[in-house]
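Right, one structure below, let's go through it.
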Amino acid sequence: MKTRKGYTFRKATAADLGLLKEWKSQPHVREWWDSDEPSNEDELGDTRVVRWIVSTVGRPFAYMQDYDVRGWEEHHFYQLPAGSRGVDQFIGEPDMIDKGHGSAFITERLNALFEEGVPMVATDPHPDNARAIAAYRKAGFREFGPSQETPWGLILPMKVSR
């Protein structure tokens with residue numbers, strides 16, 4: 001999927017598992033991304049989650065996923081309206097950080113989700129992850145509640161509506 005800003009989103013495949021492993025080994029990713037998922041084809045096939053490799057000018061540089069917030073009964077966004085999605089992302093290539101790419105490709109994916117009829121999108125960065133929080137705010141997200149402990153760790157709940 002090509003976007004208006006020059007970002008390309010393509011679904012992650014088994015061929016991307018090595019790239020994802022490499023990105024997740026980077027210190028700037030490991031600091032905030034404690035999951036090794038997806039690490040195999042079975043995890044890639046989980047229909048609750050759509051996983052994307054994000055590229056610009058033909059260069060893959062980031063990972064993004066969007067998921068059904070009602071896919072897990074214990075999920076902290078389960079109460080959001082039906083059809084809502086959650087998002088997570090990271091920039092894997094260190095030289096692409098702090099150049100405005102994060103908020104830009106997040107915005108592009110949000111626009112696509114809203115065009116598909118998604119009523120609300122939520123995200124849950126760690127409360128100390130200032131870079132991610134700033135990118136999400138720039139993309140239109142706002143906090144909706146205090147930081148909280150979840151089965152996935154300490155989070156700051158943020159959401160945006162269409």
Cluster question for you: counting only ILVMFWY and a side-chain heavy-atom cut-off of under 4.5 Å, with indirect links fine, are [X] and [Y] together?
X	Y	result
Phe105	Val118	yes
Leu80	Phe114	no
Met96	Tyr63	no
Leu156	Leu110	yes
Met64	Val121	yes

Within a reach of under 6.0 Å around CD of Gln79, are more than 12 heavy atoms found that belong to other residues, nucleotides or ligands? yes
I'd like to know if the side chain of Arg10 reaches the main chain of Ser55, judged simply by a donor and an acceptor atom lying under 3.5 Å from each other, with no hydrogens or angles considered. no
Rounded distance [0.5 Å steps], [atom1] in [X] versus [atom2] in [Y]:
X	Y	atom1	atom2	result
Leu154	Asp124	CG	CG	10.5 Å
Phe141	Ile106	CZ	CD1	7.0 Å
Arg51	Lys11	CZ	NZ	12.0 Å
Phe77	Tyr67	CZ	OH	5.0 Å
Tyr136	Ile133	OH	CD1	10.0 Å
Ser25	Leu20	OG	CG	11.0 Å

Residues at least two apart in sequence or cross-chain that pass side-chain contact (heavy atoms from CB on, under 4.5 Å) with Glu31, listed by chain then number, are none
side-chain contact (heavy atoms from CB on, under 4.5 Å) partners of Asp66, counting only residues at least two apart: Val50, Trp52, Arg85, Val87, Arg109, Leu113
Please report the shortest heavy-atom distance between [X] and [Y], naming the atom on each side.
X	Y	value
Gln148	Pro157	NE2-CG, 3.6 Å
Gly58	Pro60	O-CD, 3.5 Å
Val29	Ile91	CG2-O, 3.6 Å
Pro38	Leu17	O-CD2, 3.6 Å
Pro119	Pro81	CG-CB, 4.3 Å
Trp33	Arg30	O-NH1, 3.5 Å

Sequence neighbours excluded, the answer for side chain to side chain donor-acceptor pair (under 3.5 Å) partners of Arg48 is Asp46
Charged N-O contact under 4.0 Å between Arg162 and Glu115: no
Validation row: [X], [Y] side chains within 4.5 angstrom (heavy atoms):
X	Y	result
Phe90	Gln26	no
Thr150	His75	no
Arg142	Met158	no

Quick one, Trp23 with Ile53, criterion side chain to side chain contact (heavy atoms under 4.5 Å, CB included). Give me CA distance, side-chain angles, the key distance, then yes/no. CA-CA 11 Å; Trp23 285 347; Ile53 299 296; 4.2 Å; yes
Checking Arg131 against Trp32 for the side chain to side chain contact (heavy atoms under 4.5 Å, CB included) test, could you report, in this order, the C-alpha distance in whole Å, the side-chain angles of both residues, the deciding distance, and whether it holds? CA-CA 11 Å; Arg131 180 183 290 134; Trp32 304 111; 5.8 Å; no
